[in-house]
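The block underneath contains the structure these notes are about, expressed in structure tokens.
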Amino acid sequence: MNIHNIPQIKHTESGNFFLLAGPCAIESEEMAMRIAEKLVGITDNLQIPFVFKGSFKKANRSRIDSFSGIGDEKALKILRKVSETFKVPTVTDIHTNEDADMAAQYVDVLQIPAFLVRQTDLVVAAANTGKVVNLKKGQFMSPESMKHAVQKVLDCQNESVMITDRGTMFGYQDMIVDFRGIPTMQQFATTVLDVTHSLQQPNQTAGVTGGRPDMIETVAKAGIAVGVDGIFIETHFDPANAKSDGANMLHLNYFESLMTKLVAIRKTINQF
């Protein structure tokens, strides 16, 4: 996929990786706009092609009492306001066939969650909207097997498809990134590395997913060095009180410093 297929995306001639970033879930309009404003400023300054990410609904939760959203239409309207205000594309994940048609009215990229990437009807529903489709690699899937998920989108006459690696299960409560998988998946589609979800520590006994945010810079640097096309990072100005995935998100205060380092690495890699 050519990233020019993503509406409103900027800085595509910079030679930089592209970035999908934002909060895990849309908690309110104020928080979404605050995070988006900061990210747009950073990415414009560093000339990074940027897509704002936010889940309008969190269907995959450890416990029934976990936060799942502020209301579907309310959250989707906030995503549209971010796009219209800052002139940037947006991405959100979907969980049902009905979600595909609904979310396609508000966002530019539809994301298939890792646990659902083998669900043919869901992938086809997303592809048939004509939107860009981002396929999260299942934690239980090999890089090679993602070619079949990509082919489902292509078979719907939609060539705007990308893969996002979010780590592979390592035992019961940890994830690991196999960087050998990045060039493998790049044979099938544009490939993104989801840094923060790759550092999750799922299935915690308390029913709340843990994480290793201290390793975000390490994994992100490695991904850029390997030559990944894009980077996915969830961020928040108050991760400790975020309503979803706070344990593995990057604090917004550290975002610019990390992006500056990654741009420098990408510039070096481009020389080879």
Side-chain angles (χ1 to χ4, degrees), residues 9-11 14-55 58 67 79 82 86 88-91 111 136 164-167 174-177 179 182 192-202 204 208-269:
I9 196 159
K10 298 179 286 187
H11 313 306
S14 65
N16 276 324
F17 56 90
F18 69 100
L19 174 69
L20 290 79
C24 179
I26 299 298
E27 300 171 10
S28 70
E29 180 176 316
E30 186 276 332
M31 72 85 71
M33 297 297 282
R34 179 176 171 183
I35 294 171
E37 183 177 25
K38 181 73 171 179
L39 295 178
V40 168
I42 292 169
T43 54
D44 279 347
N45 182 53
L46 294 172
Q47 301 285 287
I48 300 172
F50 170 57
V51 181
F52 180 81
K53 184 268 168 186
S55 296
K58 299 301 295 184
F67 173 79
L79 284 165
V82 167
F86 298 106
V88 295
T90 54
V91 55
Q111 181 168 284
K136 286 288 195 79
T164 294
D165 190 352
R166 49 84 29 91
D174 208 357
M175 309 287 293
I176 192 167
V177 178
F179 289 98
I182 290 174
V192 177
L193 176 61
D194 180 344
V195 177
T196 46
H197 284 103
S198 296
L199 294 168
Q200 280 185 334
Q201 293 179 315
Q204 300 299 299
V208 179
T209 297
R212 289 290 305 276
D214 56 302
M215 296 299 293
I216 288 173
E217 182 171 321
T218 298
V219 173
K221 285 178 175 178
I224 296 298
V226 170
V228 75
D229 301 300
I231 291 287
F232 180 114
I233 294 180
E234 289 186 340
T235 184
H236 197 288
F237 48 80
D238 187 10
N241 291 300
K243 295 182 182 296
S244 178
D245 280 2
N248 54 272
M249 278 200 277
L250 178 67
H251 197 294
L252 194 59
N253 288 350
Y254 305 140
F255 207 92
E256 184 168 14
S257 173
L258 177 59
M259 289 302 108
T260 300
K261 293 173 184 177
L262 298 184
V263 167
I265 295 171
R266 179 60 176 249
K267 185 177 180 179
T268 301
I269 294 299

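Side-chain contact between F255 and I233 is present, with at least one heavy-atom pair separated by less than 4.5 Å. No side-chain heavy atom of F179 sits less than 4.5 Å from a side-chain heavy atom of V228. A heavy-atom distance below 4.5 Å is not found between the side chains of D229 and I182. With contacts defined as side-chain heavy-atom distances shorter than 4.5 Å, the pair K53/T90 does not qualify.
Interatomic distance, CD1 of I48 versus CD1 of I9, reported as 11.0 Å (0.5 Å rounding). Note that CG of L46 and NE2 of H11 are 9.0 Å apart. Values are rounded to the nearest 0.5 Å. Atom NZ of K221 sits about 13.0 Å away from atom CD1 of I216, to the nearest 0.5 Å. A distance of 11.5 Å separates OG1 of T43 from CZ of F52, quoted to the nearest 0.5 Å. One finds the OG1 atom of T235 at 8.5 Å from the CG atom of N253 (value rounded to the nearest 0.5 Å). Here the straight-line distance linking atom CZ of R266 with atom CG of N16 works out to 7.0 Å at 0.5 Å rounding.
Considering all non-hydrogen atoms of both residues, A32 and I26 come closest at CB-CD1, 4.1 Å. Of all heavy-atom pairs between I35 and G22, the closest is CG2-CA, 4.4 Å. Smallest separation of non-hydrogen atoms from L193 and S198: CD1-OG, 4.2 Å.
Sequence neighbours left out, the pairs with a member in residues 212-240 that pass ring-ring contact (aromatic ring centres under 6.0 Å, His included) are H197-F232. Sequence neighbours left out, not one pair with a member in residues 30-39 passes salt bridge (charged side-chain N to carboxylate O under 4.0 Å, His left out).
Between Y254 and H251, the angle of the ring planes lies from 30° to 60°, which puts this pair in the tilted group.
Using modelled atom types, no side-chain atom of T164 and backbone atom of D194 make a donor-acceptor pair closer than 3.5 Å. With hydrogens and angles ignored, the 3.5 Å screen pairs a side-chain donor or acceptor of Q47 with a backbone N or O of D44. For the pair T196 (side chain) and M249 (backbone), a donor-acceptor distance under 3.5 Å is absent.
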Is there a side-chain contact (heavy atoms from CB on, under 4.5 Å) between I269 and F17 once you walk through the steps? CA-CA 11 Å; I269 294 299; F17 56 90; over 6 Å; no
Candidate pair V219 and R212, rule side-chain contact (heavy atoms from CB on, under 4.5 Å), full reasoning: CA-CA 11 Å; V219 173; R212 289 290 305 276; over 6 Å; no
